[in-house]
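What follows is a set of notes on a single structure, which appears directly below.
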Amino acid sequence: MASDRIFGLVATLLAFAFIAGATQVQTSFLSDPVGPKFFPILIGIVGAISGMFMVLRPDPEPDWPVLRTFGALSVAVIVLVAYAFALKPLGFLLPTTLAAGLLSYQISPRPRMAALAGIGLSVGLFIVFKFALGLGLVVFPKGLIG
Amino acid sequence: MEIIDNLALGFSIALSPYTLILAVVGCFLGTIIGALPGLGPSNGVAILIPITFTLGLDATSALVLMTSVYYGAMYGGRISSILLNIPGDEPALMTTLDGYPMAKAGRSGDALVLSGVASFVGALLATVGLMLLAPMLARVAYLFGPAEYFALYLLAFCTLGGMASNNQAKAALASCIGLGIAMVGIDSASGMPRLTGGNLHLYDGIDFLVAIVGLFAIAEVFFFIESHGKNSSIGVKLGKVTIPWKDIFDTKWTMLRASGVGFIAGILPGAGASLGSFMAYMSEKAIAGEKGGFGTGVAKGIAAPEAGNNAAAGGALVPMLTLGVPGSGTTAVLLALLMTLNITPGPTLFTDRPEVVWGLIASLLIANFVLLLMNVPMVKIFVRVLMVPPWVLLPGVTMVSFVGIYSLSGSYFDLLLMVGFGVLGYVLRKLDIPTVPVILGILLGGNMEDALRRAMVISDGEWTYLYSSPIAIGLWIAAIVGFVAPMFLRSVLRKPQRITD
């Protein structure tokens with residue numbers, strides 16, 4: 001109940017923001033009868049109506065995970081964001097080992113297995129990408145090997 | 001005989017050793033992807049697209065590879081349904097209803113072979129249907145102007161929202177999220193940036209591959225973290241595999257009927273393979289009646305949904321190739337592949353690039369035979385694949401997704417967006433909001449707006465032009481019915497629940 005209402009409300013507000021953003025779109029002199037504003041505004045209106053429906057007629061509450069699982073999920077998101085930033089400057093092997101190991105640990109909390117999964121995946125995938133598929137990956141950070 | 005000439009052209013492409021190897025590799029990978037719980041046809045194909053793109057395959061080869069993966073995943077989905085009672089993908093859900101009881105009764109080998117044969121019959125008939133129907137539909141599609149295309153896109157969103165979801169408002173909201181994302185970036189008609197918030201990374205728009213991989217593959221990782229991989233495979237046992245000739249012979253009419261039902265369900269825009277297997281199972285259950293014993297592990301209960309789901313997979317290619325409107329989540333992903341390869345699906349595809357279409361159809365026929373050979377004698381190999389523990393599989397999927405997306409643009413921004421879409425996908429699925437309309441919206445949003453604006457240019461701003469031709473009126477009516485009717489049919493069409501031990 002509550003989740004649907006909250007999501008519906010957020011969606012409605014976002015839809016209004018989307019409409020407001022769409023009205024600010026500049027039209028050029030090369031305009032057609034509809035113009036670049038109309039369709040986004042239409043989408044915003046339909047979205048806002050659907051959002052309000054969710055507020056007014058919510059479905060039963062889904063089973064949200066317990067707080068600890070939310071912790072694990074947030075850790076996973078942070079790991080993935082960090083991985084996104086680290087992939088370019090730090091090369092493939094180090095960040096992949098860490099990220100894969102940490103994700104593996106979040107799924108099944110056994111440290112040794114997770115470490116093995118991390119190392120195995122990073123080396124295995126590196127071989128597949130580099131030699132079988134020929135993608136140009138940076139192995140280690142440039143500073144480390146000169 | 002035009003069709004024979006076309007097929008000869010297709011086979012001349014598909015039978016080249018290189019293409020043949022790609023088809024075999026695709027079938028093998030696809031069956032594994034389908035069999036692994038947590039990797040279905042949609043996310044399997046999604047994470048492979050960036051990789052094939054960076055491999056620099058030409059359009060025909062890439063298409064052959066990916067459609068083989070698609071067909072293979074449809075075959076593979078049944079393995080975990082039967083042995084573990086876990087559908088490897090959504091359409092395989094119906095196979096669990098009779099497949100798992102049959103496996104529990106000690107006939108897992110028979111169930112796997114029978115379902116493999118049923119898959120073959122369904123997919124083969126559907127490919128033949130595709131061959132006959134697609135060129136005809138492509139000819140009709142020449143009559144489509146912008147107004148008709150606008151109505152067609154609307155129809156796809158409405159039926160997808162109506163059929164695939166339990167709540168119309170949620171499906172509509174999902175479509176709006178997708179369409180809204182498609183609007184971000186430079187407007188192609190006026191050249192003005194829209195809704196970018198001044199962020200330079202967004203001027204190019206949001207790449208649909210980033211969204212697809214995020215919503216399908218990354219979101220799945222979050223689900224496995226939540227369940228701690230509990231839905232995984234322990235102690236899969238499979239004895240000696242023999243061919244149950246009697247069961248195959250007994251179910252021949254069931255397979256044929258289910259293929260027909262599945263093919264038609266697949267053609268409907270927005271319905272797809274899940275509906276195909278569902279309709280096939282339910283109609284066979286009705287024909288067999290009470291005495292049929294559906295749900296207790298009967299042969300017909302396995303043959304029907306498998307033939308139906310594979311026939312629907314073939315049927316879904318018809319609207320995708322001829323009109324550019326996908327019929328299901330996976331065909332939406334295949335449409336993304338075509339767009340990445342710079343192939344515009346639609347009637348002109350059949351005249352301008354017949355080698356792509358007929359090469360594809362010929363390789364589908366070949367892929368079917370390869371899959372039958374792989375899935376009957378070699379089924380034991382794929383059963384081994386089920387042993388891969390989720391704590392290795394899911395991090396692996398994540399890393400492949402990251403490398404794939406990274407190799408597309410080399411920008412950390414796309415990776416961040418992908419993680420963002422993963423979180424969005426998790427929240428949406430938790431709230432029972434379908435994610436396929438989001439994908440469809442991102443893919444079709446630009447085209448839909450173009451169609452609307454071109455229609456308005458033609459009619460000089462006269463709105464009635466949108467429903468001025470019989471085809472357009474028909475599509476509008478179908479769209480409204482497709483959206484509204486399921487509200488009343490919901491009690492009739494309720495999906496049967498999975499059996500629990």
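Order of the sequence lines fixes the chain letters, A, B, ..., with proteins taken first and strands second; residue numbering starts at 1 for each chain. From a predicted model like this one, the values you see are computed outputs, not experimental measurements.
For chain B, the option among A:P40, A:G21, A:A86 with the highest count of heavy-atom pairs below 4.5 Å is A:P40. Ranked by heavy-atom pairs under 4.5 Å with chain A, the first of B:T398, B:V427, B:L415 is B:L415. Among B:V400, B:I177, B:D414, the residue with the largest count of heavy-atom pairs under 4.5 Å with chain A is B:V400. Note: A:S108 leads A:S108, A:G120, A:G51, A:A76 in heavy-atom pairs under 4.5 Å with chain B.
Within the model, atoms CE of B:M399 and CZ of A:F92 stand 8.0 Å from one another, a figure rounded to the nearest 0.5 Å. A distance of 10.0 Å separates OG1 in A:T69 from CD1 in B:I225, rounded to the nearest 0.5 Å. One finds the CG atom of A:L14 at 12.5 Å from the SG atom of B:C176 (value rounded to the nearest 0.5 Å). For the atom pair A:Q106 CD and B:F224 CZ, the distance stands at 15.5 Å (nearest 0.5 Å). Between the CH2 atom in B:W391 and the CG atom in A:L121 there is a gap of 9.5 Å [rounded to 0.5 Å].
For the pair B:K430 (side chain) and A:P65 (backbone), a donor-acceptor distance under 3.5 Å is absent.
Heavy-atom minimum distance, B:P390 versus A:I107: O-CD1, 4.0 Å. Counting all heavy atoms, side chain and backbone alike, B:F222 lies closest to A:L73 at O-CD2, 3.5 Å. Considering all non-hydrogen atoms of both residues, A:F53 and B:A169 come closest at CB-CB, 3.5 Å. The heavy-atom pair separating B:Y412 from A:A84 by the smallest distance is CB-O, 3.7 Å. The nearest pair of heavy atoms linking B:L431 to A:P62 is CD2-CG, 4.1 Å. Considering all non-hydrogen atoms of both residues, A:P36 and B:E449 come closest at O-OE2, 4.2 Å.
Contact annotation for A:M113: both backbone and side-chain heavy atoms come within less than 4.5 Å of a heavy atom of chain B. Heavy-atom distances place the side chain of B:L428, and not its backbone, under 4.5 Å from chain A. The part of B:Y426 that comes within reach of chain A is its side chain, from C-beta onward, which places non-hydrogen atoms under 4.5 angstrom from that chain. Heavy-atom distances place the side chain of A:F38, and not its backbone, under 4.5 Å from chain B. The contact between B:M456 and chain A is made by backbone and side chain atoms together, counting heavy-atom distances below 4.5 Å. Neither the backbone nor the side chain of A:R68 has a heavy atom closer than 4.5 Å to any heavy atom of chain B. Looking at B:V423, only its side chain comes within 4.5 Å of chain A, counting heavy atoms on both sides. Contacts between A:I43 and chain B at a heavy-atom distance below 4.5 Å involve backbone atoms as well as side-chain atoms. Heavy-atom distances place the side chain of A:A11, and not its backbone, under 4.5 Å from chain B. For chain A, the nearby part of B:V419 is the side chain; its heavy atoms alone come within less than 4.5 Å. Proximity to chain B (any heavy atom under 4.5 Å) is shown, for A:S50, by both the backbone and the side chain. With a threshold of 4.5 angstrom between heavy atoms, B:I433 approaches chain A through side-chain atoms but not through N, CA, C or O.
Taking the six-membered ring where tryptophan is involved, the planes of A:F39 and B:F150 are perpendicular, since the angle between them exceeds 60° and thus also 30°.
Taking a cutoff of 4.0 Å between a charged side-chain nitrogen and a carboxylate oxygen, A:D4 and B:K170 qualify as a salt bridge.
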Criterion side chain to side chain contact (heavy atoms under 4.5 Å, CB included) on A:L125 and B:V403, from CA distance to verdict: CA-CA 10 Å; A:L125 288 176; B:V403 172; over 6 Å; no

